[in-house]
Structure formats: C-alpha cells, structure tokens
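Notes follow the structure.
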There are 2 protein chains.
Amino acid sequence: MEEHGPVPPPHPAEDVTEHVGYRLKRAAAALRGAMDRALRDHGLTVPQYSCLELLDERPGLSSAELARGTFVTRQSAHVVLRGLEDAGLLARAAHAGHGRALPVHLTPAGRERLHAARGAVYAVESRMIEAVPARRLAALLADLDTMAAALGE
Amino acid sequence: MEEHGPVPPPHPAEDVTEHVGYRLKRAAAALRGAMDRALRDHGLTVPQYSCLELLDERPGLSSAELARGTFVTRQSAHVVLRGLEDAGLLARAAHAGHGRALPVHLTPAGRERLHAARGAVYAVESRMIEAVPARRLAALLADLDTMAAALGE
DNA sequence: TCTTCCATGTCAGCATTTTGACATAGTCCG
DNA sequence: CGGACTATGTCAAAATGCTGACATGGAAGA
C-alpha cells in the first residue's frame with residue numbers, strides 16, 4: 001500500500017523547466033540510495049567507493065584532484081581518504097612528487113575490496129540502464145554532460 | 001573491453017566518467033551548485049527553496065510529505081521547516097487536521113520570497129535546458145523518471 | 001470491539017560536509 | 001630576481017543530514 005505516488009500537479013502543462021531539476025534530483029537520490037544499500041554489504045560508503053574507483057583508474061591522483069572527481073570539497077575528500085587509509089585500502093606518499101600534491105594509490109587490499117564491491121554497483125547501474133531504451137543511452141549520457149557543462153561556467 | 005574482472009561492466013566503458021552514475025552525479029552536483037549560487041542572493045538554501053516551491057503548489061502538505069518530496073528524512077525536513085517558520089515564511093497548523101500530520105502552508109511573506117527567488121532558479125534551469133536539443137528534452141525527462149523508478153523498488 | 005500495524009512528529013546522538021582560514025610550494029610574469 | 005597569483009594540504013568550527021528511538025493518532029483486520 002503505497003499512496004506516496006507522485007500526485008499529479010495541478011498544472012500539468014506547467015513549464016517543464018520547473019521539473020527538470022526535480023527529476024534530476026530524484027534520479028540522483030534514487031541512485032545514491034541504491035548504491036548505498038548495495039555497498040553496505042561491502043563495508044563501503046558511496047564517497048569511499050567513488051574514491052577507490054577513481055584511484056583504480058588513475059593511480060597517483062592527489063587529494064584535491066580526487067575531491068574534484070567526486071564533486072566534494074578538499075576537506076571532505078580528506079576525511080574520506082583518512083578513513084580509507086586507516087582501513088588499509090590506500091596509501092599516501094609521504095613526500096610530494098610535484099608541488100604540494102601527495103600522490104595517492106590503492107593497496108592490494110584496496111583493489112581487492114573494490115573488485116568485490118564493483119559487482120554490486122554494476123548491478124545497480126544495470127538496473128538503471130535497462131530502464132531506458134538502449135538507443136537513447138548515448139544521447140542521455142551526452143545530454144547529462146552538456147547540461148553539467150552549461151551550469152559549470 | 002579488456003576488463004576480465006570477476007564482474008563484467010554493464011556496458012562498454014573504459015573510463016569511470018563514461019558511466020551513467022558518474023554523469024548523473026556530475027549533473028546533479030552542477031545543478032545544486034548553480035542553484036545555491038542563484039539562491040544566495042535571496043537568502044535561501046536549496047532545501048528551503050524546494051520546500052517553498054512544493055508548498056506553493058500543494059498547500060497543506062505535512063512535514064513528512066514534504067520530506068519525501070524533497071528526498072530527505074523527516075528529521076531533516078523538520079529542521080528546514082523550523083528555519084522557514086522562524087523566518088516567517090510559512091506556518092504550521094497547531095492541530096492536526098488528519099491523523100498526526102500538521103498541515104503546513106506559506107505565509108504571504110513566504111509566497112513573496114518564493115516569487116522573488118523563482119526567477120533566479122528558472123534562469124539556471126533555462127541554461128541547463130538550452131544545452132540539450134529541444135527534441136530530446138521530453139525523452140530525457142522520461143528516462144530520468146524511469147531510471148529513478150527502476151531503482152526505487 | 002479490540003488488537004495490531006503503520007505513519008507521523010519529535011528528541012537525542014552521531015556522521016558527514018561545508019565554510020573559513022592559514023601556511024606552504026610552485027608558477028607566471030614584471 | 002622578486003612579487004603576485006594559484007593550487008594544495010590541513011586545521012577549526014559550523015551547518016547539515018542521517019540513524020535510532022519513542023510516543024501518539026488512525027486505520028485495517030480478526
């Protein structure tokens with residue numbers, strides 16, 4: 001019994017502009033929730049998983065670059081890194097390789113944990129992707145990208 | 001795809017940034033940031049604006065319904081409502097009209113503030129919408145919706 | 001009717017994230 | 001060379017959001 005169904009707005013023909021943000025937020029919230037549930041079994045949070053995934057692909061990233069890649073502040077990324085470091089999933093170089101940036105890289109344990117969790121996350125993404133017609137997927141990705149770019153500057 | 005890990009990716013992607021989840025998060029983060037900047041001049045935060053907008057469209061909503069509509073917990077919504085109430089932008093009925101739910105409605109000041117801020121928010125959404133081909137907009141909205149629905153249950 | 005169940009409002013504690021600030025290291029010109 | 005500028009790491013504090021818990025009011029079903 002779910003009566004929380006989206007109540008039809010009084011003005012159906014209302015500007016779609018009003019709803020784009022809502023739909024986007026809704027989709028993002030649903031994804032966040034689903035990922036959270038999927039990752040719980042692996043002892044990871046979404047920000048933690050994001051960091052691991054990014055580091056697996058681009059080893060040696062700095063804390064600040066990681067922050068930008070996960071759309072949070074440097075300070076937030078720092079907290080996440082600290083947690084992952086304490087868990088032995090990644091290591092930070094003691095000395096800066098360039099500038100003040102301290103390169104970060106996964107440990108074997110970190111890679112193992114990431115690979116284990118990846119399946120759960122990919123399952124979530126699959127559910128999401130299969131909900132949209134395959135031929136529209138590329139366009140969807142492109143549109144999300146251009147929208148973000150349009151707002152970024 | 002050279003990825004022969006324990007779990008195959010849901011779709012070909014050499015790059016994490018190619019994933020739907022990443023793009024979605026990126027777009028949502030960009031929107032959130034742009035709305036935040038736009039609303040700052042009006043003395044409102046994004047959650048506050050969301051509440052006002054929702055209440056303007058559906059007066060008498062309860063705190064819990066408001067929470068679901070803005071994708072946060074009841075507790076978080078409660079804090080937001082308290083702030084808006086202290087600012088005189090909305091009022092909560094003293095007695096429950098039905099069950100324990102306390103109907104909430106905007107005050108004239110709340111409506112005025114909302115109308116003032118709406119322009120700034122619409123400008124942001126316009127920028128976002130104009131970045132994607134008009135003929136794909138409807139499909140984009142529908143796809144965001146179905147994706148959210150696919151993850152919700 | 002009564003009993004069980006669900007939704008709501010609310011309190012408390014904790015986790016997460018952001019804002020603000022500062023020192024440091026490198027870069028870009030003058 | 002030297003100063004302005006930028007980027008990074010980090011600390012402190014506040015804001016924000018969530019989990020857990022509890023009591024209450026209605027509704028559904030035995």
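All values derive from a computational prediction rather than experimental measurement. Per chain, numbering begins at 1; letters A, B, ... match sequence-line order.
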Rounded to whole Å, please give me the gap between [atom1] in [X] and [atom2] in [N].
X         : N       : atom1 : atom2 : answer
Asp36(B)  : dA15(D) : CG    : C1'   : 12 Å
Leu81(A)  : dC11(D) : CG    : P     : 13 Å
Met35(B)  : dT18(C) : CE    : C1'   : 18 Å
Leu102(B) : dA23(D) : CG    : C1'   : 14 Å
Arg32(B)  : dT17(C) : CZ    : C1'   : 10 Å
Arg37(B)  : dT18(C) : CZ    : P     : 14 Å
His95(A)  : dT8(D)  : NE2   : C1'   : 17 Å

Taking DNA chain D as the partner, which of residues 58-68 of chain A come within under 4.0 angstrom of it by heavy atom?
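The stretch gives Ser62(A), Ser63(A), Ala64(A), Arg68(A) as the residues lying under 4.0 Å from the strand, ordered by number.
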Tell me the salt bridge (charged side-chain N to carboxylate O under 4.0 Å, His left out) pairs involving [range], sequence neighbours left out?
range                       : value
residues 133-142 of chain A : Arg136(A)-Asp143(B)
residues 72-86 of chain A   : Glu85(A)-Arg92(A)
residues 106-116 of chain B : none

Let's see if you get this right: which residues in residues 69-78 of chain A place a heavy atom under 4.0 Å from DNA chain C?
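DNA chain C contact set from residues 69-78 of chain A: Val72(A), Thr73(A), Arg74(A), Gln75(A), Ser76(A).
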The side chain of Ala101(A) is closest to which nucleotide in this list: dT16(D), dT17(C), dG9(D)?
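Selected nucleotide (nearest to the side chain): dG9(D).
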Look at all strands and tell whether Arg92(A) reaches a base, only sugar-phosphate, or nothing, counting heavy atoms closer than 4.0 Å.
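Sugar-phosphate contact only - Arg92(A) comes under 4.0 Å of backbone atoms but never of a base.
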Side chain to side chain contact (heavy atoms under 4.5 Å, CB included) involving Ala93(A) - partner list, sequence neighbours excluded
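Listed in chain order: Pro103(A).
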All side chain to side chain contact (heavy atoms under 4.5 Å, CB included) counterparts of Val121(A), not counting sequence neighbours:
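Testing Val121(A) for side chain to side chain contact (heavy atoms under 4.5 Å, CB included), a comparison that skips the adjacent residues, returns Met35(A), Leu39(A), Tyr49(A).
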Axis bend over the full length of the helix from dT1(C)-dA30(D) to dG30(C)-dC1(D), computed from five pairs that close each end, to 10 degrees:
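Taking the rotation axis at each end, their angle is 40°.
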Under a 4.5 Å cut-off applied to non-hydrogen side-chain atoms, are [X] and [Y] in contact?
X         : Y         : value
Leu114(A) : Arg118(A) : yes
Leu24(B)  : Leu144(B) : yes
Met147(B) : Leu31(A)  : no
Leu106(B) : Leu89(B)  : no
Tyr22(B)  : Glu125(A) : no

Would you tabulate the pairs of protein nitrogen or oxygen atoms and nucleotide nitrogen or oxygen atoms of nucleotides 24-29 of chain C closer than 3.5 angstrom?
| unit_1 | atom_1 | unit_2 | atom_2 | d |
| --- | --- | --- | --- | --- |
| dT24(C) | O2 | Arg100(A) | NH1 | 3.3 |

Assigning hydrophobic clusters by single linkage (Ile, Leu, Val, Met, Phe, Trp, Tyr; side-chain heavy-atom cutoff under 4.5 Å), is Leu61(A) placed with Val79(A)?
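Per the 4.5 Å side-chain linkage, Leu61(A) and Val79(A) are not co-clustered.
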Could you go through residues 66-73 of chain A and list every donor-acceptor pair under 3.5 Å that involves a side-chain atom there, pairing it with any protein atom two or more places apart or in another chain?
| unit_1 | atom_1 | unit_2 | atom_2 | d |
| --- | --- | --- | --- | --- |
| Thr70(A) | OG1 | Leu66(A) | O | 2.9 |
| Thr70(A) | OG1 | Ala67(A) | O | 3.3 |
| Thr73(A) | OG1 | Ser76(A) | N | 3.2 |
| Thr73(A) | OG1 | Ser76(A) | OG | 3.1 |

Got a sec, which residues hit side chain to side chain donor-acceptor pair (under 3.5 Å) with Asp36(B), two or more places apart in sequence or on another chain?
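With sequence neighbours excluded, Asp36(B) shows a side chain to side chain donor-acceptor pair (under 3.5 Å) to no residue whatsoever.
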Residues that Ser63(A) engages under side chain to side chain donor-acceptor pair (under 3.5 Å), provided they are two or more places apart
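Side chain to side chain donor-acceptor pair (under 3.5 Å) check on Ser63(A) returns nothing, list empty.
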